[in-house]
Structures are given as C-alpha cells and as structure tokens.
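Single-structure report; data block below.
For the numbers below, each heavy atom of this structure counts, side chains included, while hydrogens, waters and symmetry mates do not. Model, not experiment: these values are computed from the prediction.
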Amino acid sequence: MKRIFEIDPWLVQSHQLNPNEKRLQESMTAIGNGYMGLRGNFEEGYSGDHLQGTYLGGVWFPDKTVVGWWKNGYPDYFGKAINAPSFIGMALTVNGERVDLATSVYRDFTLTLDLHQGLLTRSFVFEGKKATVRFTFKRFLSNVIKEAALVQLTAESLVGPAELTVAAQLDGNVTNEDSNYDERFWAPQGENAAAGTIQLQTKPNPFGVPQFTVLLKQSLRQGATLLPGTVTTSTGQLTSTVTLPLAPNVPVQLEKDVIVVTSRDVAPEAQAEAAAELMTQLQGQSFAAQLAAHTALWAKRWAQSDVVIEGDDAAQQGIRFNLAQLFMTYYGDDKRLNVGPKGFTGEKYGGATYWDTEAYVVPMYVAATPPAVTRALLQYRHDQLPGAYHNAQQQGLKGALFPMVTFNGIECHNEWEITFEELHRNAAVAFAIYQYTAYTGDESYVNHDGMEVLVGISRFWADRVHFSKRAGKYMIHGVTGPNEYENNVNNNWYTNTMAAWCLEYTLARLPKADAAIQAKLAVSAAEQRQWQDIIDHMYYPEDKKLGIFVQHDTFLDKDLRPASSIPADQRPINQHWSWDRILRSPFIKQADVLQGLYFLNNRFTREQKERNFDFYEPLTVHESSLSASIHAVLAAELGKQDKAVELYQRTARLDLDNYNNDTADGLHITSMTGGWLAIVQGFAGMRYGQPQHLEVSDHDQLRFDPFLPKQWQGYQFRINYRGRVIQVAVGKTVAVTLLAGPPLTVMVAGQPQHLEVSAHA
C-alpha cells in the first residue's frame, strides 16, 4: 500500500508534494478547535487542483430538498455545512514573482502535522529567477481563544537580497463543491479597511432557519509591532499588503492574527466590538506564548486519553492521529454542537450530526474524556427533542423520531431510505443514555432529561411496530438496518432487537425517574402494559439450524457467497457496481446483526457470538468507515486475535492509508473512535455494566480480559471511571493501577483485583 505520509508516533509528515494527491494531503492535515476548522490548504494559494475548505461549527444552510419523486413526509430542506470565508490567505511575491507551488520551482518541501498540539508546519525553498528564499509557515487554531487563528510566516533569503511582498487576505467569495456547485451562500455586508474586517451573512432561505452573520478581523505584526500595511477592499474581500526587505541569511518573521465571530454567539451589530476585544487579548501575547498556552491544554487531554503502543509505530501513529482529529472536532465546549462525520475536514455528508455519535463516539468519550464532555452530547439530543417529535409527526407516528441527519433536531436528509427507514438511529440515542449511566454512575440525566428522551423514543417504537395475527408477534416492516446495502427490508434483527430493548430499559428506569418528570410524561399503566406486551412478543428472525440471527426476513434467500469472491478490480463495490446490484447482493456494508451483539454483549452466549461472527464477517465488505471497529472488538473477544489486529489496522489507519479511496473528500471523524474501541474494548477486553439487568452497574463490574498482539511489545492506556483514573498496561504481564480516586475492585482475566492509590504515587 502506497503511503504519502511517513510513519512517526507523533507526526503526520511528508517531504513530497504530489499534485495528484493534493486533496488527500489537505484532508490529512486539517486542523480544528471545536469552534472552527479548515483543511490543509496553502496560505500563499495554490492554482492547481485542490479543495479550499473552511468550516464554522453550527453555521449551515438549509437547501430545498430536491428528489425525482416527492413523497409525503420528506424533509422540506437538506441541511449542509457551507464553506466559510477563508482567512489564512497570505499571497507571496518575491521580487515581483508570485510564489505558487503548482507552477513555481521549489525544493525541500516538508509538511508536518504535530499531533501533540494540532500545529501545522510547512516549509519549502522557493527558487525564483532572481532570489532563492526559504519559507516556513506555522498555524494553529487556539484552544484558549476559540475565535482565534494564528499564522506565523518565516522567510529567509538564501541567495542574495530580495524583496518580499505579502498580501494577507480575508476572502468571503467562496463556494461549495460537494453540492450546489459554484453557488455562493454568503452575502457581503460590508468591509472596513481601517478595522481590518469583513462581515457576511448567509443568504435568505424560505424555511424559517435563522441566517448566520460572521465577521472576520485580521491583523499583521512583527513581534510586538503592528504592521498596518496597505489595505484594499472589494466586495466580500479585504487585503492588507506589506513589503519586507530580506537580507541574505537573516530570517524575517511575520504573524497574521485572525478573529472569527459568528451570530451564534454575538449579535451582528456587536461583532466588530467583540472582535476588537478578542484581537487585543490575542495580541497581548506572542505567537510562541499563545502556542504554549494552547499546547498546555492539549497536554491535559493527552495525559487522560493517550494510548501508548510499543513495537509498532504505524499502529501508534494511527491511534494518535484519530484521537487528535476527534478532539480538534469536539471536546464538549459547546452543547449546541455535535460530532459530524467529516468534522471540519470536508463538505461530504453536509457536516451534520448522524447516529455515529451515540453508536461510536459516546463509547469512547465516556472513558477517555471528562464526564461533562459526554454529558454534553446527551444534552444535545434532549435539547432537540421538539424536533424529534416533529420528525415522527411527519411520518404520521407518535413519540419522538430522532433524525439521521440534522443540525437543529429536524431531519434534513433527502434520501428516502434514510429519512423513512433507517429508524435504528432512535435506539442508538437510547443506548447512549444507558452507557453513560452505567459507566459513570451518574443517574441525574436518565432520571430527568434522559427520561423524556427515552419515553419519546419508546412511544415511537410502540406506534411503529405492528402485530402479525398470523405469527402472533410484533414486527417492524419497511426499514433499513445498519447495513445500508439493503433497503426496505422487513424485520431487521438489529432494529427489532434494539426497539424491544429501548422499551425494556425505559420501563425499568421509569419508576426511578424524578417525580415531576413522571407526572409530566404521564405514562399510563395501559401504555406500560402495551410496551411489555411488545417486549414479550417481538419477532426475531433466526435460523436454528445455522445457529444465527437472520439479518432480515429474506436474507438467507440471497446468493450467499463471501466477499473474497469479489474480483479485486471491483472493490470497493460502491464505486463499481450499480445500486440495484448492491441491493441484490449478499454483501454487507458494516456490522448489522453484529452491531446488536456488540451493544447487548452480555445477553448472548459465546457460541451465539461465534456462530454469527463466522457467518456474517466473511460477507462483509467493510465499506463503511464504521465497520472495522465493531468487528475488531468481537474478534478479540472470540480469541480471533489475528483478525482483531487486522481490523484494528483498518480502522486506526483508515484515512492515513486511504483504505476506501475516499479520504480526499475529508476525514472519517466519527469512525476515528474505532482504534480506541478496538484496543480498549477489544485487545484489553474492557466491559462494564450488565445490559440484561438494566441496572446501574457496581464498581466490581468493571472488568478486563487483555491480550497482547504478537506484533506489539506492549500497550497502555488510561480511563476515567466514576471519579477515578485507572491505568492499564499490557505487556508480558498485565498491570491495572489506580492512579487517582477511591479504592475499587475490578476483574482482570476473570480474577478480582483490589485497587488502591499507592502511597508513593
């Protein structure tokens, strides 16, 4: 496999610029700070093929849903994260010659993303007609001042004196590429040369979604000296130009500071003043001092979440790259935001929230970040509960249907098999509440806001099922399960199983909810009896001869053959086959039945897990970024260590090695928890809680059953658990250590181990 970035435990680095892989490089060197983010575009510009992308958290546009045949219940609009005004521009001219790596002569190119602190560094030597100049750019988006972006340029003439002109630009004349090609979503509201600002507003929409206003402010400085430059403006743009003499072998530094404020936080009329105050705060310290403060916050994150792997630098780079990109996307600082599948790295999937958060992000974040971070993800869903009720009403159903794709709680996806059929997203939202409660022991959410969510979901399932008199069972027809390579199927095993589980969990927790919430929800005794009847009589497709749960009613009627039978030149099939052919095939995009075995792990015997894994994994093409991690966890549990390690590599290095040939569009952010899940839940065998008992777990239910991949010398990680910090180190021996918090007993390889903080710690 060809790699464009070198293997390094802490760096994503390349010494080559290949124009054919420019977009891939941009995706892999994207940075963010939870408030905003951008692809690894070049400050000086690039005239070759690239995707200029800057994105602001929570800033989006509702575009009219366009389909060939309109069906009642379709969302009125399709939401998308729009490309935001670009703020990194620093066009370079040396002795009148424009610097452009698409056309210029250059050497010694280096591009580095330092995972310690999300710092992007790029350097090259420009060989002009009259001068040779080394340029080095450093940039980061501050974790201290969320609205701040900092760019440092160092220029050094290597041969003879030179004159360098830098044209620093704010550019609001941007377009989207993934959809609405070349359409502009931003209407300029004014440029202020004296203040160094531009202000823009999203264009009007007919759906009542608020327009967003953004103001950008830039300033140039050398050390503590501000450089006013020559400022020019045009509609939606502002350029500040400075000219600097370069003496031979004397480095010259120039810093560009940027502040970005949006109407999500600051009213349009107050944005100029707010930006000025933030700029003063930003420039109260040097670039180096701001970077140090930013890095100190990163150090705290890494101290809590780092996974250390000995003996395999590729595996080490993979897990750290994933963790860094996740934390640059979301760290719980804004409860109005969530984790989009592409984060701030591209336009595909519209930048919205999917079920990925509850199914894949929560299981990692609950252990690898402070509890408040996961609590914010749960609160996000509760705050959008009115939208979930609206979505159900659009389908003519009771209760709450959480959206598959959303910015504000309203479903905004324009594909019928998603909007109408992929109902299992509801179950993931409920299961996230269970996971948070079972892991943290914090019942305050489930007993209050969480109960409102659970009852809304349960009322939806109770209305969506139907009773088959012929079979004497409740069924759910017309759905799409997690395997999106099958649409409009009946009785998807995973969907039926999780729907019944949601009802069961809600009934178990309801008596413990706050009295005021119980009164507000008014779940009658008759309603509770109906839910119990559904639980007792739900239909689950099963083949006793094969010993498997059947993915849906007619799955076994397909032409069953392993994915290994697909010719290599036809993989991935989603890029080579018609959709009709995919739907008729037996091939599975991602874990479906196995997703249920993963969630409700303790409800099934080892034999059940093994039979289902051995049947379904060979049929799985893993063409969803979400697939490999679930299979890796189950493979590890079943002792299939080589398969578990293989799938870890696939999930941890999915983007670094471009497994699915689609990383140029942007990174697969929500699947980046997969490497952590594969190691912690897979290799280390971490389990907690008892889903079948539906109670908050006791401390002694935290357990580990570790193994060491034969390719590795060792690995270790830390987790938060109920006010404790626990370190697990696996090598020739296994050491589980309590670093902070009260004593507890855990199970390690089936044996109880009492943990206390060492007096020497």
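Remark: side-chain polar atoms of Q575 are not paired, donor with acceptor, to backbone N or O of Q570 under 3.5 angstrom. Formation of a donor-acceptor pair under 3.5 Å by the T112 side chain with backbone atoms of D114 is not found in this model. The backbone N or O of A664 sits less than 3.5 Å from a side-chain atom of S27, completing a donor-acceptor pair. Between the side chain of S578 and the backbone N or O of R581 there is at least one donor-acceptor pair closer than 3.5 Å. N658 places no side-chain N or O within donor-acceptor distance of the main-chain N or O of L24, the cut-off being under 3.5 Å. Without hydrogens or angle criteria, T132 side chain to V159 main chain gives no donor-acceptor distance under 3.5 Å. Judged by distance alone, with hydrogens and angles left aside, the side-chain atoms of S565 form a donor-acceptor pair with the main-chain N or O of P562 at under 3.5 Å. Without hydrogens or angle criteria, T54 side chain to S86 main chain gives no donor-acceptor distance under 3.5 Å. Looking at D592, its side chain does come within 3.5 Å of a backbone N or O of N483 through a donor-acceptor pair. Checking side-chain atoms of N33 against main-chain N and O of M36 turns up a donor-acceptor pair under 3.5 Å.
For K146 and D334, the salt-bridge test fails: no basic side-chain N is under 4.0 Å from an acidic carboxylate O. Remark: E26 does not engage R23 in a salt bridge, criterion side-chain N to carboxylate O under 4.0 Å. Here K589 pairs with E484 in a salt bridge; the nearest charged N to carboxylate O distance falls below 4.0 Å. Ion pair K129/E97 not flagged as a salt bridge, since none of the NZ, NE, NH1 or NH2 atoms sits closer than 4.0 Å to an Asp/Glu carboxylate oxygen. Ion pair K256/E43 not flagged as a salt bridge, since none of the NZ, NE, NH1 or NH2 atoms sits closer than 4.0 Å to an Asp/Glu carboxylate oxygen.
Screening H631, H622, K640 for a side-chain hydrogen bond (donor to acceptor under 3.5 Å, both in side chains) with E617, the sole residue that qualifies is H622. For the side-chain hydrogen bond (donor to acceptor under 3.5 Å, both in side chains) criterion with T154, the lone passing option out of K138, Q253, E255 is Q253. With respect to Y485, the side chain to side chain contact (heavy atoms under 4.5 Å, CB included) criterion is satisfied by exactly one of I588, I573, T620: I573. When each of F321, W298, W302 is tested with W10 by the rule ring pair (Phe, Tyr, Trp, His ring centres under 6.0 Å), just one qualifies, namely W302.
Checked against a 6.0 Å centroid threshold, the rings of F126 and Y106 do not count as neighbours. Between Y330 and F344, the gap from one ring centroid to the other reaches at least 6.0 Å. In this structure, the ring of F109 has its center no less than 6.0 angstrom from the ring center of H15.
Between Y46 and H50, the ring-plane angle classifies as perpendicular under the 30° and 60° cut-offs. Aromatic ring orientation, H413 versus Y354: perpendicular (interplanar angle above 60°, classes split at 30° and 60°). Relative orientation of the W577 and F587 rings is tilted, given thresholds of 30° and 60° on the angle between their planes.
A cation-pi geometry, defined here as NZ or CZ lying under 6.0 Å from the six-membered ring centre and within 45° of its normal, holds between K22 and F42. Annotation: cation-pi pair R301/Y331 present, NZ/CZ under 6.0 Å from the ring centroid and within 45° of its normal.
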Output, in order, the C-alpha distance, side-chain angles, deciding distance and verdict of side-chain hydrogen bond (donor to acceptor under 3.5 Å, both in side chains) for Q52 and N83. CA-CA 8 Å; Q52 191 77 28; N83 197 2; over 6 Å; no
Can you check side-chain contact (heavy atoms from CB on, under 4.5 Å) on L656 and M28, steps first, answer last? CA-CA 7 Å; L656 285 169; M28 301 246 254; 4.2 Å; yes
With side-chain contact (heavy atoms from CB on, under 4.5 Å) as the criterion, how do S157 and N249 come out once you've worked through the C-alpha distance, each side chain's angles and the decisive distance to 0.1 Å? CA-CA 6 Å; S157 179; N249 303 310; over 6 Å; no
Can F124 and L111 be said to form a side-chain contact (heavy atoms from CB on, under 4.5 Å), step by step? CA-CA 9 Å; F124 58 91; L111 176 65; over 6 Å; no
Run the side-chain contact (heavy atoms from CB on, under 4.5 Å) check on F137 and V151 step by step: do they pass? CA-CA 7 Å; F137 286 97; V151 183; 4.2 Å; yes
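The side-chain heavy atoms of V339 and I669, taken from C-beta on, include a pair separated by under 4.5 Å. Within the 4.5 Å cutoff, the side chain of L153 has no heavy atoms near those of the E44 side chain. Side-chain contact check for Y35 versus L141: every heavy-atom pair is 4.5 Å or farther apart. Two residues are said to be in side-chain contact when any heavy atoms from C-beta on lie closer than 4.5 Å; T136 and R122 fail this criterion. With a 4.5 Å cut-off on side-chain heavy atoms, L594 and F613 count as touching. When side chains are defined from C-beta on, Q325 does not count as touching I31, because their heavy atoms never get closer than 4.5 Å. You'll find the side chain of Y55 stays beyond 4.5 Å of the side chain of W60, heavy atoms only. At least one side-chain heavy atom of Y715 sits less than 4.5 Å from a side-chain heavy atom of L708.
Counting heavy atoms of neighbouring residues, nucleotides and ligands inside a 6.0 Å radius, atom CD of E6 exceeds 12 of them.
K710 and Q641 are not linked by any side-chain donor-acceptor pair at a separation below 3.5 angstrom, with hydrogens and angles left out of the test. In this structure, a donor-acceptor pair under 3.5 Å is absent between the side chains of Q13 and D8. Checked by atom type, the side-chain pair D662/H668 shows a donor-acceptor distance below 3.5 Å.
Taking each heavy atom of L164 and A155 in turn, the nearest pair found is CD2-CB, 3.7 Å. In terms of heavy-atom proximity, Q716 sits nearest to A729 at CB-CA, 3.7 Å. Residues N660 and P572 come closest through the heavy atom pair O-CG, 4.3 Å. Across all their heavy atoms, H294 and V144 have their closest contact at N-CG2, 3.9 Å. Nearest heavy atom pair, residue A167 against residue T239, reads CB-CG2, 3.8 Å. Pairing each heavy atom of M364 with each of L677, the nearest pair is N-CD2, 4.1 Å.
A side chain to side chain donor-acceptor pair (under 3.5 Å) check over residues 303-313, counting only residues at least two apart or in different chains, returns the pairs D306-R320, D312-W712.
In this structure, CZ on R3 lies 4.0 Å from CD1 on I7, to the nearest 0.5 angstrom. From L51, atom CG reaches atom CG of N41 across 7.0 Å, with rounding to the nearest 0.5 Å. Atom CG in L92 sits 9.5 Å away from atom OG1 in T165 (nearest 0.5 Å). Here E347 contributes atom CD and K342 contributes atom NZ; the two are 11.5 Å apart, rounded to the nearest 0.5 Å. One distance of note links CG of D100 with OG1 of T103; it measures 3.5 Å at 0.5 Å rounding. Expressed to the nearest 0.5 Å, how far CG of L654 lies from CE of M672 amounts to 8.0 Å.
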